[in-house]
Amino acid sequence: MKGPLSRWIYLAFLGGLALLFGWFTWASVDEYRALFVRGVQTEAVVAGYEDVRGKYGWTHYPIFRFAVDGRQVEGTSRVGADPAELRRGQRVKVVYDPAAPTHVRHAAALAEGMGATPWVTGILALLCLGVATLFLLPARTRR
C-alpha cells in the first residue's frame, strides 16, 4: 500500500501505540507518586499471595491484611514478591493510599523506587511518537 492513505494509517497506528505506552507510563508513575506522597505507613500481615502465571513463569503478588480506622482491609500489591522472603503470616510495614486503602505496597518495595517498567514504556512512547512524526513530513517528489 503506497500513497497518502498509507502514511495516515502508519501515523495513526504509531500514534495509538505512543498513547497506549504513554498512558501506561503515566498510570504507573501516578500510582507510585500517590503512595509516596500521601501514603500512610502501617503494620500488616501477609495474608497470602495472588499467583499469576506469565510467559516466563509465575509472579506472586502479596495480599496484605491491615486495619484502617478500626476495620479490616485486604489489599493486593501490584509489585511481585518472593514468598520465601515475605512468608504468609509475617508482620511487615506497608504503605497504603488513604483515598483507596486497597492500593497497598510493601514499604521496602516502595522505598526501592518505581522500577524499570515506567522508564521502558516511557521510552517506547517517545520512540513511537518520534517515528510517527516522520510520517507528517512531506513526501519526497519523484524525479
Side-chain angles (χ1 to χ4, degrees), residues 1-140:
M1 181 188 254
K2 290 188 176 186
L5 180 61
S6 65
R7 291 179 59 197
W8 290 109
I9 291 171
Y10 291 133
L11 175 67
F13 177 72
L14 289 168
L17 278 178
L19 285 173
L20 183 68
F21 285 131
W23 174 82
F24 188 79
T25 302
W26 175 83
S28 298
V29 170
D30 188 56
E31 179 189 1
Y32 174 81
R33 185 193 56 77
L35 286 174
F36 190 79
V37 171
R38 66 176 184 262
V40 175
Q41 187 169 337
T42 190
E43 193 171 272
V45 173
V46 179
Y49 281 90
E50 181 180 315
D51 300 321
V52 177
R53 184 176 182 146
K55 185 175 181 179
Y56 300 107
W58 291 89
T59 303
H60 312 283
Y61 297 101
I63 301 169
F64 298 110
R65 187 177 301 129
F66 54 98
V68 175
D69 298 329
R71 64 183 172 90
Q72 288 289 317
V73 175
E74 201 170 88
T76 304
S77 176
R78 293 186 184 171
V79 177
D82 183 3
E85 291 180 17
L86 286 177
R87 294 175 311 284
R88 193 178 305 237
Q90 181 179 350
R91 298 187 78 71
V92 295
K93 296 283 185 190
V94 296
V95 177
Y96 70 90
D97 185 351
T102 57
H103 293 154
V104 62
R105 193 174 283 185
H106 187 230
L110 187 67
E112 290 176 4
M114 291 184 294
T117 303
W119 292 101
V120 171
T121 56
I123 289 169
L124 287 173
L126 292 174
L127 184 65
C128 286
L129 190 62
V131 173
T133 58
L134 294 177
F135 291 101
L136 291 175
L137 297 175
R140 284 185 175 171

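- Distance check, rounded to the nearest 0.5 Å: OG1 of T59 to CG of D82 gives 11.5 Å.
- No more than 12 heavy-atom neighbours from other residues, nucleotides or ligands sit within 6.0 angstrom of CG on D69.
- Here the side chains of H106 and V79 are not in contact, with every heavy-atom distance at 4.5 Å or above.
- Summarising the geometry of G22 relative to A125, their closest heavy-atom pair is N-CB, 3.6 Å, with the distance given to 0.1 Å.
- No side-chain donor-acceptor contact under 3.5 Å links R65 to the backbone of V45.
- The shortest side-chain heavy-atom distance between V104 and F66 falls under the 4.5 Å cut-off.
- Annotation: the span from F13 atom CZ to L17 atom CG amounts to 4.0 Å, rounded to 0.5 Å.
- Inter-residue side-chain proximity for V68 and Y96 is flagged as met; some heavy-atom pair is nearer than 4.5 Å.
- The two atoms that bring R71 and P101 nearest to each other are NH2-CG, 4.0 Å, heavy atoms only.
- Atom CH2 of W58 sits in a crowded spot, with more than 12 heavy atoms from other residues, nucleotides or ligands closer than 6.0 Å.
- Rounded to the nearest 0.5 angstrom, W26 CH2 and L19 CG are separated by 13.5 Å.
- Residues F64 and V46 form a side-chain contact, since some pair of their non-hydrogen atoms from C-beta on lies under 4.5 Å apart.
- Expressed to the nearest 0.5 Å, how far CH2 of W23 lies from CG of D30 amounts to 11.0 Å.
- Nearest heavy-atom pair across L129 and A18 is N-CB, 3.8 Å.
- Heavy-atom minimum distance, Y49 versus A81: CE2-O, 4.2 Å.
- Between R33 and M114 there is no side-chain heavy-atom pair separated by less than 4.5 Å.
- Note that CD of Q41 is 9.0 Å distant from CG of L110, once rounded to the nearest 0.5 Å.
- No more than 12 heavy atoms of other residues, nucleotides or ligands lie within 6.0 Å of CZ in F24, so this atom counts as exposed by the packing criterion.
- Closest heavy-atom contact between A132 and G15: CB-N, 4.1 Å.
- With values rounded to the nearest 0.5 angstrom, L86 atom CG is found 14.0 Å from R91 atom CZ.
- Screening E31, R38, R105 for a side chain to side chain contact (heavy atoms under 4.5 Å, CB included) involving D97 leaves a single residue, R38.
- Contact annotation: the side chain of L136 approaches that of W8 to within less than 4.5 Å [non-hydrogen atoms, C-beta and beyond].
- Listed here is the closest heavy atom pair of L14 and C128: O-CB, 3.7 Å.
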